[in-house]
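This one's a predicted model, so the numbers in the text were calculated from it and none came from an experiment.
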Amino acid sequence: MGEVTSRKSSGIRDSQPIMGQLVSMGYDAKGGARNRSSLYAAAGLEWPNDYMPEEEIPRYNDYPFCVDVSNNRLLASLDRSAFVRRVVVGVGSQDARGSDAPGVYTKKQLAYFDGHCGLCMSIDGRPLQQPSLSFEKGVVPVFCFCRSDVEVMLRVFVPAVYETKASAVFLLAEVRNQSDSSHTLGIELDCEESGQSKWPDLVTDVTLIAEGNTDNHGSCQMSIDAGQMIQIGCICRFGVSVLPSLSVVTLEEMDCALGKVLESVGSQGVLEVPEEPWVGEELTRAAELARQSVLQLANGEVIGSFWGSNVNPKPDVWMRDFSYTAIGLVDTNPQLAYKCAKYLCAASAPGEPWGTTDEGQAGESSYRHSLGNACMGAVVLSMICRRYGYDFVDQPDSVIVDYLHQLARCMIADRPARGSLYATRFISDGLSRGDFHTGSNMLAWRAADALIEDFHALFDNSTIETLSSIRSQLVETIETLCVGSFGQGEQFVEGAYVDGTLVPIHDAEESDLALASVYGFTKRDDRRIINHMYWAHSVGNPYYARISGGIDFWDFDGSNGVSYPGHLCLLKRTRNRKDLLQAFAAIRRTTDLDGSFWWWPFKHDEPDANRVKRGLGKCGWCGGEFVSLILHDILGIQADAKTSSVSFAPYLPWRKASLTGFAFLDGTVDFVVDGEKLSLVNNTGRDIHARLQLCMPANSMLEDVKINGSSRRMEAQLVRLFDSSSVVLKQIVGPRKRVDMTIAIS
């Protein structure tokens, strides 16, 4: 089992039982939801012994509840008792364009563990009770076991950096005797492979690090005096082919590794909403879901993503899922987002062939196969450049430069005639609606904008002029050809035909209309988007499911009553604050106890909310989309490093909210809204050009507006946002300075 080290209580945690903040997501010891209004309160928490979800048609299978931990090199899924159940490590990738389902351009090559691996603990010979679950800083899962007033707080995480040839899951336990007498703690390692995997097995080794363990059999007994705290460590190592010899790892080093993981909450910062703490917790968990969905090789190269963060051995990389995940990472993990953008550039090279002979598409380019997929590399790169500055991005390497040139050539060569749009066969894996898919052409507009504004140095003046003309043409044509009315007023549609006929559906797995404001194509309160989302969640949409209140994109069975990208579109169905409250409530009811979104939460015809289905996998697509919509549409944050400018324009159904630690320039920015007061704190070393926008209650009148106590009424601008007027002021905020904007209303 490897070498064993021991240590008495170091005092690191004696004065503070818990490092950082424990958020309320999770379940109690009886399996009930802790402070959650969730469909998953007590449903399907146990890991079944015959769990085999990767059958020929995976959408009919239900995954068990799991909590996931990852450093993007190794991804592990844990059951409710903190046992490692599944692990994957990437070992390579292969080009899959034209050889499989549409939308799959590469396949991952994986090594895999399936079984169980962890710690069995007892007090005075009696096993510990089932644990409750919470999260420290929203990042590290904490399993709390109790017996006879002895409490075990077990944190499970994957170190950011451990070994080059092997990766590991760390289990670090604090055991506290809160009784008046001593007790005996029994510890035993339990590790077994299922033998059911069809993939190359990971080599596995488990090491116990505990007081008094003098053998190599991974078990020991320890006496704990009244009031005493001790630490126990367990390292589960997984290697692709061989495990190098393990150097001694101390409990102090495990503590240090935990601290580094807890520091990585994400560059989006920490959101706190006192009236609804779940919302802030969900932002962190969604950011983690998106991050954990991405897999890297040992050299740091990104090789794609899963459907979500839960471990499965499916090799497919669905390009659109990966793209929306990457968009969310722009605000939460820019270094990883940049690696994802480089992967998109390589995998979706627009000029390279995609098509297969048997589909009659031999020689068809990736650009014509999926316009949206072809454009995503440029879109994500542009978002990173504008958010963090051009210095953040390395000098573009040959893969990126070649991709951008291919994209420009394809956009110009296929330039649509006046009054027409780009045609595309697939959105990604699904067929595009109509002759012209609206969202894909919005992405083409955004890609053209990126080539013109961000990468113009790569092109001559003639190319830039042509692309500028195409950009203008796309806006004009989309806003005329792809707009109609189906009972909710004027709205965008999923697609249009050459003859002007519109496509009156929303099939749930189309998010470009929801993200049109994030791309910059529309304003966040554009009525044509809002009306489309209202209509999509009504009986007018043939894919709307009355029982689930969601959108079911399958025509031929009842296997998935909510396809989650469609459910997340509820956040765009906002005419007023009441709509937003209803949207958050609907999303909360269908998130799991770890805050994750599942692709298909339950069946189409399932009337019992407790009979949930964790279908297909977790949804990294929605993890990234949720982050983008919260930051850009709900909080109204826009950041441009080139101009050192930040906009803060929240539209919230709550009086108070704060976002602290939002990464910008050489530091961070804090944002606070408290009723009629808006605050911004510049924690950087540079001046920030701030645009502050504060919504007034509906039907109210502005009497005065002040900046740091001084009236600025004559400089203020009134604009409309959703159902309210809002006050706008601009202010330069110096380094390490704070600005407060307050309004007086009647």
Side-chain angles (χ1 to χ4, degrees), residues 37 271-283 286 488-489 491 513-518 522-538 549-550 566-591 625-638 647-659 671-680 691-703 705 716-729 741-746:
S37 300
L271 174 64
E272 295 186 32
V273 182
E275 296 168 60
E276 186 56 275
W278 169 83
V279 176
E281 298 164 7
E282 186 60 40
L283 178 64
Q488 288 291 338
Q491 66 178 67
L513 290 180
L515 291 169
S517 55
V518 176
T522 65
K523 295 181 178 180
R524 55 181 165 152
D525 62 346
D526 191 302
R527 285 282 173 170
R528 297 164 298 181
I529 298 290
I530 295 171
N531 291 341
H532 175 79
M533 298 308 172
Y534 261 95
W535 174 84
H537 289 86
S538 74
H567 213 55
L568 209 55
C569 286
L570 286 167
L571 287 174
K572 294 297 298 182
R573 206 186 87 159
T574 300
R575 290 175 178 166
N576 50 53
R577 293 168 177 86
K578 181 180 178 181
D579 287 341
L580 261 184
L581 283 174
Q582 292 175 343
F584 280 116
I587 291 169
R588 181 172 184 172
R589 285 194 298 269
T590 48
T591 54
E625 186 177 356
F626 184 86
V627 167
S628 292
L629 292 177
I630 293 295
L631 292 178
H632 299 294
D633 279 14
I634 309 302
L635 293 175
I637 296 173
Q638 299 290 337
S647 176
F648 180 40
Y651 182 81
L652 304 173
W654 316 285
R655 282 187 58 82
K656 296 182 179 181
S658 64
L659 182 72
F671 306 97
V672 181
V673 58
D674 186 353
E676 283 72 55
K677 181 179 179 180
L678 205 65
S679 302
L680 184 151
R691 180 186 181 275
L692 304 175
Q693 180 173 333
L694 184 57
C695 277
M696 301 191 300
N699 304 315
S700 60
M701 296 287 292
L702 179 67
E703 298 294 334
V705 55
Q717 178 186 8
L718 285 178
V719 298
R720 194 73 181 170
L721 182 63
F722 296 104
D723 66 335
S724 302
S725 294
S726 56
V727 187
V728 178
L729 275 174
M741 170 182 168
T742 57
I743 61 172
I745 56 175
S746 60

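Every side-chain contact (heavy atoms from CB on, under 4.5 Å) that Val273 has, sequence neighbours left out, goes to Leu271, Glu276, Val279, Trp654, Ala657. Residues meeting the side-chain contact (heavy atoms from CB on, under 4.5 Å) test with Ser726, sequence neighbours left out: Gln693, Cys695, Val719, Leu721. Qualifying side-chain hydrogen bond (donor to acceptor under 3.5 Å, both in side chains) partners for His632, counting only residues two or more places apart in sequence or in other chains: Asp331. Applying the ring-ring contact (aromatic ring centres under 6.0 Å, His included) rule to Phe626 yields the partners Phe597; only residues at least two apart in sequence or on another chain are considered. Residues satisfying the ring-ring contact (aromatic ring centres under 6.0 Å, His included) test with Tyr534, not counting sequence neighbours, are none. For Pro653, the side-chain contact (heavy atoms from CB on, under 4.5 Å) partners at least two apart in sequence or on another chain are Arg577, Leu580, Leu581. Listed by chain and residue number, nothing satisfies the side-chain hydrogen bond (donor to acceptor under 3.5 Å, both in side chains) test with Arg655 (two or more places apart in sequence, or in another chain). Residues meeting the side-chain hydrogen bond (donor to acceptor under 3.5 Å, both in side chains) test with Glu625, sequence neighbours left out: Ser511, Trp621. Considering only residues two or more places apart in sequence or on other chains, Thr522 meets the side-chain contact (heavy atoms from CB on, under 4.5 Å) condition with Phe492, Ala516, Ser517, Asp526, Ile529.
From Leu680, atom CG reaches atom CG of Leu692 across 6.0 Å, with rounding to the nearest 0.5 Å. Here the straight-line distance linking atom CG of Leu702 with atom CD of Glu676 works out to 11.0 Å at 0.5 Å rounding. Note that CG of Leu694 and OG of Ser725 are 12.0 Å apart. Values are rounded to the nearest 0.5 Å. Here the CZ atom belonging to Arg573 is positioned 11.5 Å from the CG atom belonging to Asn531, to the nearest 0.5 angstrom. For the atom pair CG (Leu283) and CG (Leu635), the distance works out to 8.0 Å, reported to the nearest 0.5 Å. Rounding to the nearest 0.5 Å gives a distance of 8.0 Å between CG of Leu513 and SG of Cys569.
The two residues Ile530 and Asp525 come nearest to each other via the heavy atoms CD1-O, 3.7 Å. Taking each heavy atom of Leu570 and Thr574 in turn, the nearest pair found is O-OG1, 4.4 Å. Of all non-hydrogen atoms in Glu272 and Pro274, the two that sit nearest each other are O-CD, 3.8 Å. The two residues Val705 and Ala716 come nearest to each other via the heavy atoms CG1-CB, 3.5 Å. Closest non-hydrogen pair, Val727 versus Met741, comes out as O-CE, 3.4 Å. In terms of heavy-atom proximity, Tyr651 sits nearest to Arg575 at OH-O, 4.3 Å.
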**Study point:** Audit row: Leu678, Val672, side chain to side chain contact (heavy atoms under 4.5 Å, CB included) steps and yes/no
**Key:** CA-CA 6 Å; Leu678 205 65; Val672 181; over 6 Å; no
Point to revise | side chain to side chain contact (heavy atoms under 4.5 Å, CB included) between Thr591 and Glu282, worked out | key: CA-CA 9 Å; Thr591 54; Glu282 186 60 40; 4.2 Å; yes
**Study point:** Intermediate values then yes/no, side chain to side chain contact (heavy atoms under 4.5 Å, CB included), Asp579 and Phe722
**Key:** CA-CA 11 Å; Asp579 287 341; Phe722 296 104; over 6 Å; no
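Using bins of under 30°, 30° to 60° and over 60° for the plane-to-plane angle, the ring pair Phe648/Phe671 lands in the tilted bin.
Not a single donor-acceptor pair under 3.5 Å links the side chain of Ser724 to the backbone N or O of Arg720. A donor-acceptor contact shorter than 3.5 Å is absent between the side chain of His537 and the backbone of His567.
With a 4.5 Å cut-off on side-chain heavy atoms, Pro650 and Ile634 do not count as touching. Leu629 is listed as a side-chain neighbour of Leu515, based on a closest heavy-atom distance under 4.5 Å.
Applying side-chain contact (heavy atoms from CB on, under 4.5 Å) to Ile743 and the options Met696, Lys677, Glu703 leaves one that passes, Met696.
Using a cutoff of 4.0 Å between basic side-chain nitrogens and carboxylate oxygens, Asp633 and Lys572 are scored as salt-bridged.
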